Trainee: 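Have a look at this one before I ask anything.
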Amino acid sequence: MKASAKTSGGNFFEDFRLGQTITHATPRTLGEGERALYAALYGSRFAPQSSEPFARSLGYRGAPLDDLLVFHTVFGKTVPDISLNAVANLGYAEGRFLKPVLAGATLRAESEIIGLKENSNRQTGVVYVRTRGFDQEGECVLSYVRWVMVRKRDAEASIAEELVPELGPAVAADALCAPAGTDFRKADFSAAGSAHLWNDYEVGEKIDHVDGITVEDAEHMLATRLYQNTARVHFNQHAESGGRFGKRLVYGGHVISLTRALSFNGLANAWVIAGINGGRHANPVFAGDTIFAWSEVLDRSALPGRDDCAALRLRLVATKNLPCQAYPDRDPSGRYPENIVLDFDYWAILPRR
Amino acid sequence: MKASAKTSGGNFFEDFRLGQTITHATPRTLGEGERALYAALYGSRFAPQSSEPFARSLGYRGAPLDDLLVFHTVFGKTVPDISLNAVANLGYAEGRFLKPVLAGATLRAESEIIGLKENSNRQTGVVYVRTRGFDQEGECVLSYVRWVMVRKRDAEASIAEELVPELGPAVAADALCAPAGTDFRKADFSAAGSAHLWNDYEVGEKIDHVDGITVEDAEHMLATRLYQNTARVHFNQHAESGGRFGKRLVYGGHVISLTRALSFNGLANAWVIAGINGGRHANPVFAGDTIFAWSEVLDRSALPGRDDCAALRLRLVATKNLPCQAYPDRDPSGRYPENIVLDFDYWAILPRR
Amino acid sequence: MKASAKTSGGNFFEDFRLGQTITHATPRTLGEGERALYAALYGSRFAPQSSEPFARSLGYRGAPLDDLLVFHTVFGKTVPDISLNAVANLGYAEGRFLKPVLAGATLRAESEIIGLKENSNRQTGVVYVRTRGFDQEGECVLSYVRWVMVRKRDAEASIAEELVPELGPAVAADALCAPAGTDFRKADFSAAGSAHLWNDYEVGEKIDHVDGITVEDAEHMLATRLYQNTARVHFNQHAESGGRFGKRLVYGGHVISLTRALSFNGLANAWVIAGINGGRHANPVFAGDTIFAWSEVLDRSALPGRDDCAALRLRLVATKNLPCQAYPDRDPSGRYPENIVLDFDYWAILPRR
């Protein structure tokens with residue numbers, strides 16, 4: 001029996017067209033409650049997001065919502081249109097956070113299909129989308145590209161036009177947006193929890209974030225619903241019991257947020273995520289797994305027009321059930337061992353001397 | 001040993017009197033936090049509840065709280081007085097939502113005993129109550145009848161006066177209250193997630209809501225405490241281990257809310273629950289069960305004084321561990337198979353052309 | 001391999017100095033969302049905290065946040081500096097809540113080292129700290145002493161100066177702060193859920209709070225992260241699998257809050273926690289345990305300058321997997337049986353006639 005005509009089963013690979021723009025439902029107001037829930041789900045302690053007066057002391061108009069809460073909310077809106085029939089989320093690029101989002105903002109999302117490439121087996125294809133999140137004033141707060149492998153409804157269906165877009169390997173530092181109107185030198189660093197500023201980090205430096213945190217099904221489902229992300233693999237144990245893993249898969253973004261919160265220990269002043277250069281969910285995470293993380297400083301850059309803050313390009317590697325004091329990494333052939341679950345490449349903004 | 005005189009053990013069947021009015025403790029302020037938690041517990045995506053600007057574009061003074069959050073809050077207040085010694089919650093009728101409730105409202109509840117009928121075994125009796133929820137301005141926001149089987153403290157106790165009230169089979173469409181001051185035609189339906197308006201639904205139409213969602217103990221307990229519902233069967237594994245099912249029972253209202261959120265896929269513009277005609281918790285739900293749902297259009301009606309919106313009478317059937325593409329239903333003798341957990345009959349208001 | 005120099009591993013016993021003052025990171029804004037989450041985590045029903053209009057009717061400027069939410073937030077801030085290397089949390093004393101905290105407040109914390117006593121095995125020592133929580137106006141809202149056994153990094157390290165501070169056995173009633181500007185006689189006691197006022201309780205009276213509530217891992221981790229408490233034993237199943245208990249330990253404060261919410265049944269008008277005289281986490285609590293509680297009235301006292309309210313000194317005893325109708329207690333030798341998990345001695349303020 002076929003689903004009712006009023007029920008959306010999501011798009012399949014052959015439903016997308018190059019250049020197509022999709023307006024995603026549903027706009028979402030993020031308020032004080034979402035801020036608190038995000039705090040409880042991850043235990044994040046970065047000072048501007050934790051304290052209204054601390055944020056105002058830097059020049060923010062209020063405590064900014066966590067950048068990843070913005071990311072997950074925008075991402076969640078795209079799922080019913082882009083990835084309901086996805087096999088795998090393959091990568092991210094060109095992510096830029098353009099404006100702080102405060103409690104009370106309402107976010108909506110649009111995506112443009114910028115690439116399509118059918119796989120040789122004709123069962124699936126890779127869809128490249130540039131997604132933009134806008135606030136209630138119509139300003140773009142986030143832009144990023146992701147690519148995802150999507151099933152075809154009909155293997156025989158032909159694809160009108162294919163293109164693999166060229167994507168930059170990393171966001172250029174001069175394309176990063178430090179929050180307008182702020183002066184990070186005004187901070188009380190004892191309140192922030194660390195005296196280590198941008199100047200104190202060196203390229204090549206590695207940091208073990210020490211702590212581990214175990215994931216529960218109730219937690220990742222609460223989080224993923226908070227983001228209105230409807231991807232089925234996270235919620236439906238009845239279906240997953242007969243699936244590839246036999247259990248519900250934790251939303252990859254939940255792992256990024258857990259790991260980001262763990263990174264406070266060693267990167268307490270990395271207050272702003274300004275860019276996403278790339279990201280790979282190297283292995284699946286399930287309830288019961290304990291997540292650990294380490295970071296590596298990949299690059300350092302001044303920011304145009306700012307002498308109070310600067311950017312670090314960081315690689316955030318997360319593992320499951322494996323502490324990170326030995327900085328576990330890919331093997332010589334480039335393969336990820338089964339304990340590495342995330343390899344995330346981003347730009348953070350820190351105060352500088 | 002007997003409970004202290006200051007501890008409430010709840011009312012037993014012989015404690016109720018026909019015509020008695022009970023003022024329930026404790027008034028409850030529902031704010032931005034409750035709105036966000038409700039979103040995270042169910043993942044609801046109906047646009048007016050999700051987006052403040054969307055709600056205002058229709059003429060609401062702000063994003064209304066989910067109607068079922070209002071229902072559960074009012075219901076929760078009645079539990080310590082009405083159903084702490086209940087054996088079973090038997091039914092609902094004559095439910096009317098009279099006014100949108102916005103974040104910041106404070107709800108209190110009163111119940112009137114409108115029926116009493118002792119069972120022939122003299123161990124229990126059925127209590128019929130009409131419950132009203134009021135906001136901080138003293139206006140009634142919700143009125144409904146429920147009946148519940150309650151234990152007697154003393155089988156020998158006599159009952160002063162008995163009466164089985166006459167209850168309408170369904171709320172008349174002209175008794176439904178569309179939100180005052182709104183114009184549903186002003187909506188941006190691409191933001192709302194569906195172009196299907198009231199006009200597009202036919203009586204007899206069935207909709208499989210496709211997705212399934214698994215329930216966890218932590219989730220239903222968080223929800224049920226959010227509603228200050230103190231019914232013991234939801235919380236006390238120590239006692240339930242030796243009880244009828246060996247485990248904690250999920251609050252029936254949690255299942256209604258999960259199912260309502262699933263119904264977005266197919267009924268995305270059913271923004272308002274205006275009436276509850278009936279409802280039956282056909283089988284118990286436990287942690288680990290995966291809930292699916294389908295809907296049937298029972299009736300359609302214009303609304304007096306409104307040409308921007310109209311009402312659908314909908315039957316929402318929920319199952320556990322059974323997808324609904326075949327619309328599982330009662331057997332020919334009228335019995336519910338063990339996989340059907342909810343049969344809920346309500347009026348929704350949708351925009352019309 | 002050693003942790004990076006930028007990663008905090010917490011202080012060890014020999015790192016503390018008598019008289020030292022520690023400013024803890026990170027300031028934390030507690031808003032509407034934290035209020036709602038606290039409600040959902042514990043199901044508390046005390047009227048001033050539950051209803052904004054009820055609180056205002058007493059003279060509060062708004063609904064006060066639960067006193068224990070304030071306590072846990074301040075406590076959480078101290079963990080990274082004081083107890084990251086703790087073996088056991090030994091006791092509390094001289095706790096005073098000095099000012100109601102409303103949604104929107106930002107709390108920060110400072111601790112003074114008031115005692116140090118190395119243990120004879122030289123592996124550990126006891127640290128006594130007086131911690132103060134301040135709001136965004138710089139006013140002290142909470143002050144308490146706790147002592148905790150902390151590991152030494154190096155058993156050979158010598159301790160400059162030792163002192164065991166003298167701590168009062170209980171906070172004097174005339175040191176308690178009833179909320180300024182309030183008149184508790186103005187309350188609507190049917191809304192509050194009980195007509196039992198301060199006058200109705202007698203010294204020696206015992207109250208079984210009847211209900212039990214089962215704890216889940218997702219719940220206590222959400223709570224403990226909400227408080228930004230980073231103690232590792234609550235979060236890391238990978239490490240705890242090989243630890244003393246084989247599982248994650250529930251934060252003791254979570255048990256206090258659960259028990260306090262249960263105590264509504266019998267102490268519905270004990271609206272304010274004004275003092276903490278002492279507290280002992282007698283046995284560990286794990287996910288799956290069901291918590292019960294009983295209270296004993298230890299003392300009664302008028303409050304200087306107030307004839308609308310007065311104080312009860314209460315002992316709140318919590319058990320796991322053992323209902324409390326028989327008031328389970330220490331054995332004749334003073335030892336706690338394994339089912340008793342908490343023995344908490346506090347002052348509550350109730351309305352009086």
Side-chain angles (χ1 to χ4, degrees), chain B residues 1-10 22-38 40-41 76-77 80-81 84 103-108 135-137 216-219 221-232 234-241 247-248 287, chain C residues 31-47 50-55 63 103 188-194 196 200-201 205-214 216-219 222 261 264-268 287-292 294 320-323 325-327:
Chain B
M1 205 172 222
K2 211 174 151 295
S4 144
K6 294 190 181 71
T7 301
S8 167
I22 299 173
T23 299
H24 306 293
T26 314
R28 174 83 156 91
T29 301
L30 297 176
E32 283 296 314
E34 283 79 6
R35 186 186 57 68
L37 259 167
Y38 191 89
L41 285 163
K77 313 236 133 304
D81 298 314
L84 216 54
T106 299
L107 301 185
R108 64 182 183 83
D135 67 12
Q136 71 285 356
E137 293 161 3
E216 298 293 324
D217 273 322
E219 293 171 353
M221 294 200 298
L222 279 170
T224 310
R225 285 187 301 245
L226 182 69
Y227 312 137
Q228 296 178 315
N229 179 330
T230 59
R232 295 159 179 171
H234 310 314
F235 297 112
N236 186 335
Q237 184 58 44
H238 182 77
E240 295 310 315
S241 293
K247 42 195 172 178
R248 283 161 281 175
Chain C
E32 283 296 314
E34 282 78 7
R35 186 187 57 69
L37 259 167
Y38 191 88
L41 285 162
Y42 305 110
S44 188
R45 289 180 287 151
F46 296 99
S50 176
S51 164
E52 188 84 12
F54 189 95
D188 170 353
F189 293 107
S190 68
S194 170
H196 299 295
D200 302 318
Y201 292 86
E205 184 172 351
K206 292 181 178 180
I207 303 165
D208 168 23
H209 299 305
V210 182
D211 293 317
I213 189 153
T214 304
E216 299 292 325
D217 273 322
E219 292 170 353
L222 278 171
F264 178 88
N265 195 356
L267 285 164
D289 285 340
T290 300
I291 303 299
F292 298 85
W294 62 275
K320 58 180 178 186
N321 311 319
L322 181 67
Q325 63 269 50
Y327 312 115

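Quick caveat, the model's predicted, so the values are computed rather than measured. Chain naming here is simple, since letters A, B, ... match the order of the sequence lines and numbering starts at 1 in each.
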Trainee: To the nearest 0.5 Å, what is the distance between NE2 on B/H238 and CG on C/D289?
Mentor: 10.5 Å
Trainee: Taking all non-hydrogen atoms of both residues into account, name the closest pair between C/S51 and B/P27 and its distance.
Mentor: CB-O, 3.3 Å
Trainee: To the closest 0.5 Å, what do you measure between OG (C/S190) and NE2 (B/H24)?
Mentor: 11.0 Å
Trainee: Using heavy-atom distances under 4.5 Å, tell me whether B/L222 contacts chain C through its side chain, its backbone, both, or neither.
Mentor: both
Trainee: Is it the backbone or the side chain of C/F189 that comes under 4.5 Å from a heavy atom of chain B, or both, or neither?
Mentor: neither
Trainee: Relative to chain C, which segment of B/R35 carries a heavy atom at a distance below 4.5 Å: side chain, backbone, both, or neither?
Mentor: neither
Trainee: Using non-hydrogen atoms only, which part of B/Q136 is less than 4.5 Å away from chain C: side chain, backbone, both, or neither?
Mentor: side chain
Trainee: Mind checking what makes salt bridge (charged side-chain N to carboxylate O under 4.0 Å, His left out) contact with B/R108, not counting sequence neighbours?
Mentor: B/E110
Trainee: Could you grab the distance from atom CD of B/E216 to atom CD of C/E219, nearest 0.5 Å is fine?
Mentor: 11.0 Å
Trainee: Could you check which of C/G212, C/A103, C/G33 has the highest count of heavy-atom pairs closer than 4.5 Å to chain B?
Mentor: C/G212
Trainee: Using non-hydrogen atoms only, which part of C/A47 is less than 4.5 Å away from chain B: side chain, backbone, both, or neither?
Mentor: both
Trainee: So, using salt bridge (charged side-chain N to carboxylate O under 4.0 Å, His left out) as the criterion, who are the partners of C/D200 when residues are at least two apart?
Mentor: C/R353
Trainee: Say you draw a straight line from CE of B/M221 to CG of C/L41; how long is it, rounded to the nearest 0.5 Å?
Mentor: 10.5 Å
Trainee: Nearest 0.5 angstrom please: C/F54 CZ to B/T106 OG1, how far?
Mentor: 12.0 Å
Trainee: Would you give the length of the straight line joining atom CZ of C/F264 to atom OG1 of B/T26, rounded to the nearest 0.5 angstrom?
Mentor: 4.0 Å
Trainee: Looking only at heavy atoms, which two atoms of C/V210 and B/T7 are closest? And how far apart?
Mentor: CG2-CG2, 3.2 Å
Trainee: When heavy-atom pairs shorter than 4.5 Å are enumerated against chain C, which of B/T23, B/L37, B/T224 gives the highest number?
Mentor: B/L37
Trainee: Check C/E32 against B/G31 and note the closest heavy-atom contact, atom names and distance.
Mentor: OE1-CA, 4.2 Å
Trainee: So what's closer than 4.5 Å to chain B heavy atoms on C/S194: side chain, backbone, both or neither?
Mentor: neither
Trainee: Test your reading of the model: is there a side-chain donor-acceptor pair from C/N265 to the backbone of B/S8, 3.5 Å cut-off?
Mentor: yes
Trainee: For the residue pair C/S50 and B/Q228, what are the closest heavy atoms and their distance?
Mentor: OG-NE2, 3.2 Å
Trainee: Tell me which of these, C/E34, C/R45, C/E52, has more heavy-atom pairs under 4.5 Å with chain B than the rest.
Mentor: C/R45
Trainee: If I compare all heavy atoms of C/Y42 with all of B/R225, which pair ends up nearest, and what's the gap?
Mentor: C-CD, 3.5 Å
Trainee: If I compare all heavy atoms of B/T29 with all of C/P53, which pair ends up nearest, and what's the gap?
Mentor: OG1-CD, 3.8 Å
Trainee: If you count heavy-atom pairs within less than 4.5 Å of chain B, which of C/D217, C/I291, C/D211 leads?
Mentor: C/D211
Trainee: Which of the residues C/A63, C/A39, C/G288, C/A191 is involved in the greatest number of heavy-atom pairs with chain B at under 4.5 angstrom?
Mentor: C/A191
